Amino acid sequence: MDNNFKGNERILHHSLPVRLFHWCLVFGFLPAGLTGAILFFRPFGEAGMHLAMQVHIVGAWILMIACTLFFLLCPGRVAAFWREAFHWTKQDIEWMKVGGGYPQKMIFLQEIDVPPMGKINSGQKMMGIMVFFGTLLIILTGAVLYFALPLVPKAIAYYADLIHLVVGLGLFLCICGGHIPLGIYNWPEFRSMFGDGTINAKHAAHHHPLWTQNEIEKVKD
């Protein structure tokens with residue numbers, strides 16, 4: 001498939017709304033996650049903890065507003081992502097069994113054959129599902145803690161705080177320990193998400209052959 005593309009040919013991988021949404025996640029979720037860890041471990045004095053709480057709240061608002069606007073303004077993109085994220089086949093299971101070949105490439109510097117993927121691979125599907133449900137829980141429990149803490153029973157406040165903590169730290173560790181490092185390792189795709197949205201066609205055909213066989217938008221360097 002990749003021989004059908006010229007060396008300088010590029011295709012649109014991520015639309016502008018998707019790229020803006022990911023930038024909002026960077027400025028929202030990452031500060032909120034980092035300060036959430038600080039608030040849990042409490043390594044600083046009163047002034048430092050107060051600043052961490054303020055940053056946490058600002059990051060949370062950015063995250064909540066970005067998610068709400070993206071769902072309201074880009075329902076087609078959301079629906080398309082979910083159709084792909086929840087569509088699992090035997091190829092996805094086989095991809096997950098070998099970790100997409102990343103352990104072999106990153107540790108042993110060896111390339112292995114992996115099942116062909118669509119626009120997103122099986123690991124990205126799983127991460128997308130985790131981020132969706134995790135972020136939903138974080139926003140709902142955060143809203144309880146921020147808006148309704150004096151009004152709800154202590155038991156609800158306790159479990160809201162516990163769920164907010166466990167899910168938030170879990171997502172933060174998964175994203176910072178897995179999603180971001182792998183994204184940077186796949187630099188062309190990382191640059192596509194946070195740059196102009198395009199990716200080299202030959203790279204796309206190699207890593208996403210099932211996607212490049214379908215309708216794509218081509219642009220030149």
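Just so you know, these numbers come straight off a predicted model, no measurement behind them.
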With heavy-atom distances below 4.5 Å as the criterion, would you say the side chains of [X] and [Y] are in contact?
{"X": "Ser122", "Y": "Trp88", "answer": "yes"}
{"X": "Phe29", "Y": "Val131", "answer": "no"}
{"X": "Met126", "Y": "Met130", "answer": "yes"}
{"X": "Asp92", "Y": "Lys90", "answer": "no"}
{"X": "Phe21", "Y": "Leu25", "answer": "yes"}
{"X": "Arg77", "Y": "Pro17", "answer": "no"}

State the [atom1]-[atom2] distance between [X] and [Y], to the nearest 0.5 angstrom.
{"X": "Ile199", "Y": "Glu9", "atom1": "CD1", "atom2": "CD", "result": "13.0 Å"}
{"X": "Met64", "Y": "Thr68", "atom1": "CE", "atom2": "OG1", "result": "6.5 Å"}
{"X": "Lys202", "Y": "Asn200", "atom1": "NZ", "atom2": "CG", "result": "8.0 Å"}
{"X": "Leu137", "Y": "Leu171", "atom1": "CG", "atom2": "CG", "result": "9.0 Å"}

**Item:** Pair Gln213, His208: side-chain N/O donor-acceptor within cut-off below 3.5 Å
**Value:** no
ILVMFWY cluster, [X] and [Y] together (side-chain gap under 4.5 Å):
{"X": "Val78", "Y": "Phe133", "value": "yes"}
{"X": "Phe190", "Y": "Val18", "value": "yes"}
{"X": "Ile129", "Y": "Leu136", "value": "no"}
{"X": "Met96", "Y": "Met106", "value": "yes"}
{"X": "Phe81", "Y": "Ile175", "value": "yes"}

**Non-neighbouring partners of His207 that pass ring pair (Phe, Tyr, Trp, His ring centres under 6.0 Å), sequence neighbours left out** =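 For His207 the ring pair (Phe, Tyr, Trp, His ring centres under 6.0 Å) partners, ignoring immediate neighbours, are His203.
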**Message:** According to ring pair (Phe, Tyr, Trp, His ring centres under 6.0 Å), who are the partners of Trp23, at least two apart in sequence or on a separate chain?
**Reply:** Phe27, Phe194
Report all side-chain donor-acceptor pairs from residues 176-188 shorter than 3.5 Å, counting only partners two or more places apart or in another chain.
residue, atom, partner, partner atom, Å
Asn186, ND2, Tyr102, OH, 2.9
Asn186, ND2, Leu182, O, 3.2

When the side chains of residues 110-120 are checked against the rest of the protein, which donor-acceptor pairs come out under 3.5 Å, sequence neighbours left out?
residue, atom, partner, partner atom, Å
Lys119, NZ, His13, O, 3.0

**Item:** Shortest non-hydrogen separation from Ile11 to Ala201 and the atoms involved
**Value:** CG2-CB, 4.2 Å
**Prompt:** Which atom pair, heavy atoms only, marks the closest approach of Ala204 to Trp211?
**Reply:**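 Heavy-atom minimum between the residues: CB-CZ3, 3.9 Å.
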Identify each donor-acceptor pair in which a side-chain atom of residues 33-51 lies under 3.5 Å from a protein atom, sequence neighbours left out, and give them as a table.
residue, atom, partner, partner atom, Å
Thr35, OG1, Pro31, O, 2.6
Thr35, OG1, Ala32, O, 3.2
Thr35, OG1, His56, ND1, 3.1

**Request:** Please step through ring pair (Phe, Tyr, Trp, His ring centres under 6.0 Å) for the pair Phe71 and Phe132, ending with a clear verdict.
**Result:** CA-CA 11 Å; Phe71 272 76; Phe132 174 78; 5.8 Å; yes
**Message:** Determine whether Thr135 and Cys67 satisfy the following criterion, side-chain contact (heavy atoms from CB on, under 4.5 Å), listing intermediate values before the conclusion.
**Reply:** CA-CA 9 Å; Thr135 301; Cys67 289; 4.0 Å; yes
**Message:** For Asn121, is there any backbone N or O sitting under 3.5 Å from a side-chain donor or acceptor partner on Gln124?
**Reply:**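 Indeed, once roles are kept as given, a pair shorter than 3.5 Å links the two residues.
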Atom pairs and distances, donor-acceptor, side-chain atoms in residues 144-168, under 3.5 Å, two or more places apart:
residue, atom, partner, partner atom, Å
His164, ND1, Ile138, O, 3.2
His164, ND1, Thr141, OG1, 2.9
His164, ND1, Gly142, N, 3.4

